[in-house]
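Below is one structure, written out as C-alpha cells, with a few remarks after it.
Chain identifiers are assigned alphabetically (A, B, ...) following the order of the sequence lines, protein sequences preceding nucleic acid strands; residue numbering begins at 1 within each chain. Nothing here was measured: the structure is a model prediction, and the numbers come from that model.
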Protein chains: 2
Amino acid sequence: MSFIPLLPGSLSGPPAERSDAARNRERLLGAARELIAECGPDALTMDRLAERAGVGKGTVFRRFGSRAGLMMTLLSDSEAAFQARFMFGPPPLGPGAPGLERLIAFGAERIAYVMEHGDLARAAEASARSRYEVPAVKLWQRHIELLLREAGMDADPLLMAMSLAATLDPDRLLHAVRVHGLAPERLTDSWRELVTRVVRGR
Amino acid sequence: MSFIPLLPGSLSGPPAERSDAARNRERLLGAARELIAECGPDALTMDRLAERAGVGKGTVFRRFGSRAGLMMTLLSDSEAAFQARFMFGPPPLGPGAPGLERLIAFGAERIAYVMEHGDLARAAEASARSRYEVPAVKLWQRHIELLLREAGMDADPLLMAMSLAATLDPDRLLHAVRVHGLAPERLTDSWRELVTRVVRGR
DNA sequence: GGTCTAAACGGACCGTAGTCCGATTATTAT
DNA sequence: ATAATAATCGGACTACGGTCCGTTTAGACC
C-alpha cells in the first residue's frame with residue numbers, strides 16, 4: 001500500500017527543484033541580465049544565452065518555455081511591485097481614492113513603467129496568439145474594468161476596459177515616444193483626458 | 001554627352017517592369033491565393049509559395065520584400081476599396097455627415113472589414129517595428145484625427161486618434177471575437193459609446 | 001556505499017524568414 | 001542579327017526560435 005499524504009499533493013508545493021536545476025536557473029538569469037545590459041534585449045538570442053551561461057539550449061527552454069517566458073521572468077520583480085502598488089498601495093493609485101482618480105493614476109504609472117522597462121516588456125509580449133492571455137495583462141484589464149464600474153461607468157465596462165488597455169500597450173507607447181518623439185507627459189495628459197471623458201459619459 | 005530627359009526621371013514613372021518579372025508576379029499572386037484558400041494565411045510559407053509558383057525563393061522576396069509585404073499586396077484591392085468608401089463614398093461613412101456620425105460609421109465598417117479579412121490583415125501587420133508605419137495605418141489614423149477635429153474635439157486630437165485606432169487593431173478585435181466569443185455587434189456598440197463620449201467631452 | 005528512478009541535461013535537428021551572389025535573360029542600341 | 005547591359009533569377013546559406021531524444025545525474029530508499 002502506498003503513502004497517503006495528509007494534504008493533497010498539489011498543496012504540498014512543487015516537488016522541490018533539483019539543485020542542479022536551481023543552479024542553472026540562476027546562471028541563466030545572470031547571463032541574461034549581463035547580455036541585456038551589454039547589448040539590449042533585442043540582441044539576446046537563446047543560443048548566445050545558453051553559451052554564455054554554459055548550459056545546453058534545451059535547458060534554457062525547459063526553464064523558461066520560450067523567449068517571451070524568459071523575458072517575463074526577468075520582469076517579474078518589477079511587475080510584482082507594480083501590481084502591489086496599484087492593488088494595495090497608497091491612494092490615488094491604490095484603494096482609497098475615487099475610481100476616476102485611480103484610473104488616471106494607473107495610466108500615469110503604467111506609462112512611466114513602460115518608459116523604464118519598455119524594451120523588456122515588448123520582448124515579453126509573446127507571439128501574437130497569447131499576447132492577451134498573459135496573466136499580468138488580464139489582471140490590468142480586470143483592474144481597469146473594476147475602476148470603471150466603481151466610477152459609475154454604465155456601458156459595457158469590459159469592452160471599454162479593453163479599449164483603454166489598448167491605449168497603454170507598450171508597443172504603441174514606445175512608438176509614440178521614440179518614433180514620433182512625443183513627450184511622455186503628453187501621453188499622460190491625453191490619458192487623463194481620455195478616461196475622464198469616458199467615465200463622465202454623455 | 002548623355003541624354004537629358006525632359007522630365008525628372010522619377011516623374012516618367014518606374015522604368016517599366018520586365019516581362020518575366022510581370023509574369024512571375026502574377027504567378028506568385030495566383031499561387032498565394034490558392035494556398036491561402038486551401039490552408040489559410042498562417043500555413044503560407046515563403047518556401048511553399050516559391051515552389052508552388054515554380055520560381056526561386058529570391059524572386060519572392062525581390063517582388064514583395066517580406067511576408068508582410070506579400071500579404072499587404074493581397075489585401076490592397078479590398079483595402080483601396082475601403083479607403084475610397086470612407087474618403088469619397090456616400091455618407092455617413094463618406095463626407096457629408098457630421099464628424100461624429102462618420103466616426104461611428106468608420107469604426108463599424110472597420111470592424112466588419114476585420115471580421116472578413118482579419119487573418120490576412122493580421123499576417124500583413126509587419127514585424128513589430130514598422131507596424132505603425134504602414135501607409136494604410138497612418139491614413140486611418142489621420143482620418144480619425146480629422147474627424148475628431150471636425151466633431152469639435154479640442155484636446156490633443158492626434159493622441160486621441162492613436163488611442164481610438166488602437167481600439168480597432170485587427171489583432172485585438174479578432175481576439176475579442178474568437179477567444180472571448182464576443183459578438184461583433186457588441187464591439188460596434190461599444191465603439192459608438194466610446195467615440196461619443198470622447199467627442200462630447202466633459 | 002549501492003541501486004534505482006525520475007528529472008534534468010545537451011546539442012543535433014527542424015522549419016521559417018530573410019540574404020547573397022554567380023548565372024541567366026529581356027531589352028535596347030548598333 | 002549581334003552585342004552590350006542591366007535587371008532578374010534561383011537556390012544555397014545564415015540566423016533564429018523551438019523540439020526531440022539518448023545520456024547523465026541528483027536524491028531517495030535500502
Side-chain angles (χ1 to χ4, degrees), chain A residues 1-3 5 9 12-28 31-32 35 39-73 122-131, chain B residues 1-3 5 9 12-28 31-32 35 39-73 122-131:
Chain A
M1 181 181 176
S2 63
F3 164 70
S12 347
E17 193 176 37
R18 244 169 65 167
S19 66
D20 51 348
R23 174 177 42 86
N24 280 338
R25 196 189 53 226
E26 291 314 311
R27 271 198 207 165
L28 282 167
L35 286 172
C39 320
D42 292 347
L44 184 148
T45 73
M46 301 306 257
D47 287 293
R48 261 196 280 276
L49 174 60
E51 187 190 6
R52 172 73 71 111
V55 306
K57 194 177 179 178
T59 303
V60 184
F61 280 91
R62 188 160 351 82
R63 274 311 120 212
F64 304 108
S66 69
R67 188 171 186 279
L70 166 68
M71 299 298 185
M72 281 193 278
T73 303
R122 182 141 50 97
E125 276 186 349
S127 48
R129 292 295 187 290
S130 61
R131 253 176 85 181
Chain B
M1 178 184 179
S2 65
F3 164 71
S12 348
E17 194 175 38
R18 240 169 67 167
S19 66
D20 52 347
R23 174 177 44 85
N24 281 339
R25 197 190 54 227
E26 290 314 311
R27 270 197 207 166
L28 283 166
L35 286 172
C39 319
D42 292 347
L44 184 149
T45 73
M46 302 306 257
D47 286 295
R48 262 197 279 276
L49 174 60
E51 187 190 6
R52 173 73 71 110
V55 305
K57 195 178 180 180
T59 303
V60 184
F61 280 90
R62 186 157 355 79
R63 270 319 114 206
F64 304 108
S66 69
R67 189 171 186 279
L70 166 69
M71 299 298 186
M72 281 194 275
T73 304
R122 182 141 49 97
E125 276 184 350
S127 48
R129 293 293 187 292
S130 61
R131 254 176 84 180

- Task: In whole angstrom, give the distance that lies between atom CG of B:Leu49 and atom P of C:dA17.
- Result: 10 Å
- Query: So does B:Asn24 get a side-chain nitrogen or oxygen closer than 4.0 Å to the phosphate oxygens (OP1/OP2) of D:dC9?
  - Reply: yes
- Task: Check whether any side-chain N or O of A:Thr59 sits under 4.0 Å from OP1 or OP2 of C:dA8, and answer yes or no.
- Result: no
- For A:Glu51, look at atom CD and say whether over 12 heavy atoms of other residues, nucleotides or ligands are found less than 6.0 Å away. no
- Item | Atom of A:Leu70, atom of A:Ala32 and distance for their closest heavy-atom approach | CD1-CB, 4.4 Å
- Give one of base, sugar-phosphate or nothing for B:Arg25, where a contact means two heavy atoms less than 4.0 Å apart. nothing
- Note on the structure: Each nucleotide of nucleotides 18-23 of chain D classed B (base within 4.0 Å of a protein heavy atom), S (only sugar-phosphate) or -, in 5' to 3' order, makes BB----
- Query: Taking protein heavy atoms under 4.0 Å as touching, what does nucleotides 25-30 of chain C look like 5' to 3' if B marks base contact, S marks sugar-phosphate-only contact and - marks none?
  - Reply: BSS---
- Query: Of all heavy-atom pairs between A:Ala124 and A:Met72, which one has the smallest distance, and what is that distance?
  - Reply: CB-CG, 3.7 Å
- Query: If only atom types and distance count, is the side chain of B:Thr73 paired as donor or acceptor with the main-chain N or O of B:Gly69 below 3.5 Å?
  - Reply: yes
- How far apart are the closest heavy atoms of B:Arg67 and B:Ala123, and which atoms are they? NH1-CB, 4.0 Å
- Item | Position toward the 5' end of DNA chain C (nearest nucleotide), B:Leu44 or A:Arg63 | A:Arg63
- Query: Closest approach of A:Arg18 and A:Asp20, non-hydrogen atoms and distance?
  - Reply: NH2-OD2, 3.0 Å
- Message: If I compare all heavy atoms of B:Leu35 with all of B:Leu49, which pair ends up nearest, and what's the gap?
- Response: CD1-CA, 3.8 Å
- Taking 4.0 angstrom as the limit, do A:Arg23 and A:Glu17 come out as a salt bridge? no
